[in-house]
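Letters A, B, ... mirror the listed sequences (proteins, then strands); counts begin at 1. Because the structure is predicted, anything quoted here is derived from the model rather than measured.
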Number of protein chains: 2
Amino acid sequence: MSSNVPMLDTVHQNPPPDPPATPIELMDQLARVAAAYYRHFAAAAAGRGLTLMQGKTLSLLTRPRSMRALAGLLSCDASNVTGIVDRLEGRDLVRREPDPADRRVKNIALTDEGERTVRSIRADLMSGLTALEQLSDQDRTTLRALLDRAFPDTAVPPA
Amino acid sequence: MSSNVPMLDTVHQNPPPDPPATPIELMDQLARVAAAYYRHFAAAAAGRGLTLMQGKTLSLLTRPRSMRALAGLLSCDASNVTGIVDRLEGRDLVRREPDPADRRVKNIALTDEGERTVRSIRADLMSGLTALEQLSDQDRTTLRALLDRAFPDTAVPPA
DNA sequence: GCACATTGCTTGACATCCTCAACCATTGAG
DNA sequence: CTCAATGGTTGAGGATGTCAAGCAATGTGC
């Protein structure tokens, strides 16, 4: 993969100037990037016998979350989350816990097995995105800042 | 949406320097960006009574493509594309055409209505991604270059 | 030119995902 | 205390997704 093209220190020092990128071009490029990202993610999840959606759901459980919160993060109907969590619970990757403060609420938490699975998916995902490691610190920092500005509502992740 | 926060000319003039971004942070940010992008796309497609997958499929038909090519671009089984194309054909958004050179092959092309629908989805999508328009030409060009390097296989789209 | 392998697409079976409506238990508002 | 709203689930129905199998067509090798 790694050619002998010299690593750029900063992109603004790139010699032959590219024609300026239009919003439409970036929109289309982001479509391809999103597709490529999910392809890698789906492959990592499939490696553990999980679907893309199951992998996504597990990855969102950085801390216990309610069914409603998961539905919001997954942008789907709450009833859909019931089924997804059923299947993950059946695999002993998550568990439903009652909320002490509100008996309507169920909180979903990873099991130990679920945590191991998430770590494993992330490791596979990272090894499939080697080009991110090949960027310089400067470039990654610039990329993060630009993506933050292009997608302001994704800038601060819920812990 | 548009606050009175002054627009930065270039990110490298950003005063307080950010801590460097790690590959893992970028990986996670790309997950959020991909999710946000698809959320916008799904909303644009739903505005025309289409699912995300139907919208994606139509968007890939910048020129007629075989069922096999679509399956590859959508990263799914060929039999799944049969069903997706059935539903789009039923809406008169695409048509199946035999390939003159190989009678096994069916080429899928947009109808006039399909082309109008794609233009409409793209316009909605663009208007949902206003932050891309608010970046300077310099920033968009930098972002494109960095995404090209982060995802080398998405750099040159099939026409 | 023929036999066999491979390919492209479809069908069928089955699982997962997704929305919508309706329901019940629970909490919030007035 | 009554009514509204919320959280989660169930059920119905449609879309997506994989896998195996089948058929028509093309490719390969002799």
For [X] and [N], give me the distance from atom [atom1] to atom [atom2], rounded to whole Å.
X	N	atom1	atom2	answer
B/L74	C/dC9	CG	P	13 Å
A/K106	D/dT10	NZ	P	9 Å
A/L70	D/dG8	CG	C1'	12 Å
A/D99	C/dT27	CG	P	10 Å
A/D86	D/dT10	CG	P	7 Å
A/N107	C/dT26	CG	C1'	15 Å
B/M67	D/dT16	CE	C1'	14 Å
B/K56	D/dT16	NZ	C1'	11 Å

_Test of understanding: with side-chain contact (heavy atoms from CB on, under 4.5 Å), list the residues that count as partners of A/A109, not counting sequence neighbours._
A/P64, A/R95, A/E97

*asked:* If the condition is side-chain contact (heavy atoms from CB on, under 4.5 Å), which residues does A/A31 pass it with, not counting sequence neighbours?
replied: B/Y37

*With a 4.0 Å cut-off, would you call B/D99 and B/K106 a salt bridge?*
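No, this pair does not count.
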
_By side-chain hydrogen bond (donor to acceptor under 3.5 Å, both in side chains) - contacts of B/T22 (at least two apart)_ =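 Once residues adjacent in sequence are excluded, the partners of B/T22 under the side-chain hydrogen bond (donor to acceptor under 3.5 Å, both in side chains) criterion are B/E25.
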
Run the side-chain donor-acceptor check on residues 75-84 of chain B: report pairs under 3.5 Å with partners two or more places apart or on a different chain.
from, atom 1, to, atom 2, distance (Å)
B/D77, OD2, B/S79, N, 3.1
B/D77, OD2, B/S79, OG, 2.6

*salt bridge (charged side-chain N to carboxylate O under 4.0 Å, His left out) with A/R116: which residues, sequence neighbours excluded?*
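Salt bridge (charged side-chain N to carboxylate O under 4.0 Å, His left out) list for A/R116, sorted by chain: A/E113.
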
Side-chain donor-acceptor contacts of residues 87-94 of chain A below 3.5 Å, not counting sequence neighbours, with atom names and distances?
from, atom 1, to, atom 2, distance (Å)
A/E89, OE1, A/R96, NH1, 2.9
A/R91, NH1, A/G49, O, 3.1
A/R91, NH2, A/R48, O, 3.0

*Quick one: do A/L74 and A/K56 satisfy side chain to side chain contact (heavy atoms under 4.5 Å, CB included)? Show the steps, please.*
CA-CA 8 Å; A/L74 293 166; A/K56 277 185 179 181; 4.3 Å; yes

*Would you mind listing every salt bridge (charged side-chain N to carboxylate O under 4.0 Å, His left out) that reaches into residues 126-137 of chain B, with sequence neighbours excluded?*
B/D137-B/R140

*Quantify the bending of the helix from C/dG1-D/dC30 to C/dG30-D/dC1 as the angle between its end axes, each fitted on five pairs, to 10°.*
40°

*According to a strict under-4.0 Å criterion, is B/R96 in side-chain N/O contact with OP1 or OP2 of C/dT10?*
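Looking at the OP1 and OP2 atoms of C/dT10, one of them is under 4.0 Å from a side-chain N or O of B/R96.
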
_Sugar-phosphate or base contact per nucleotide [nucleotides 15-25 of chain C; S, B, -; heavy atom under 4.0 Å]_ = -SSBBB-----

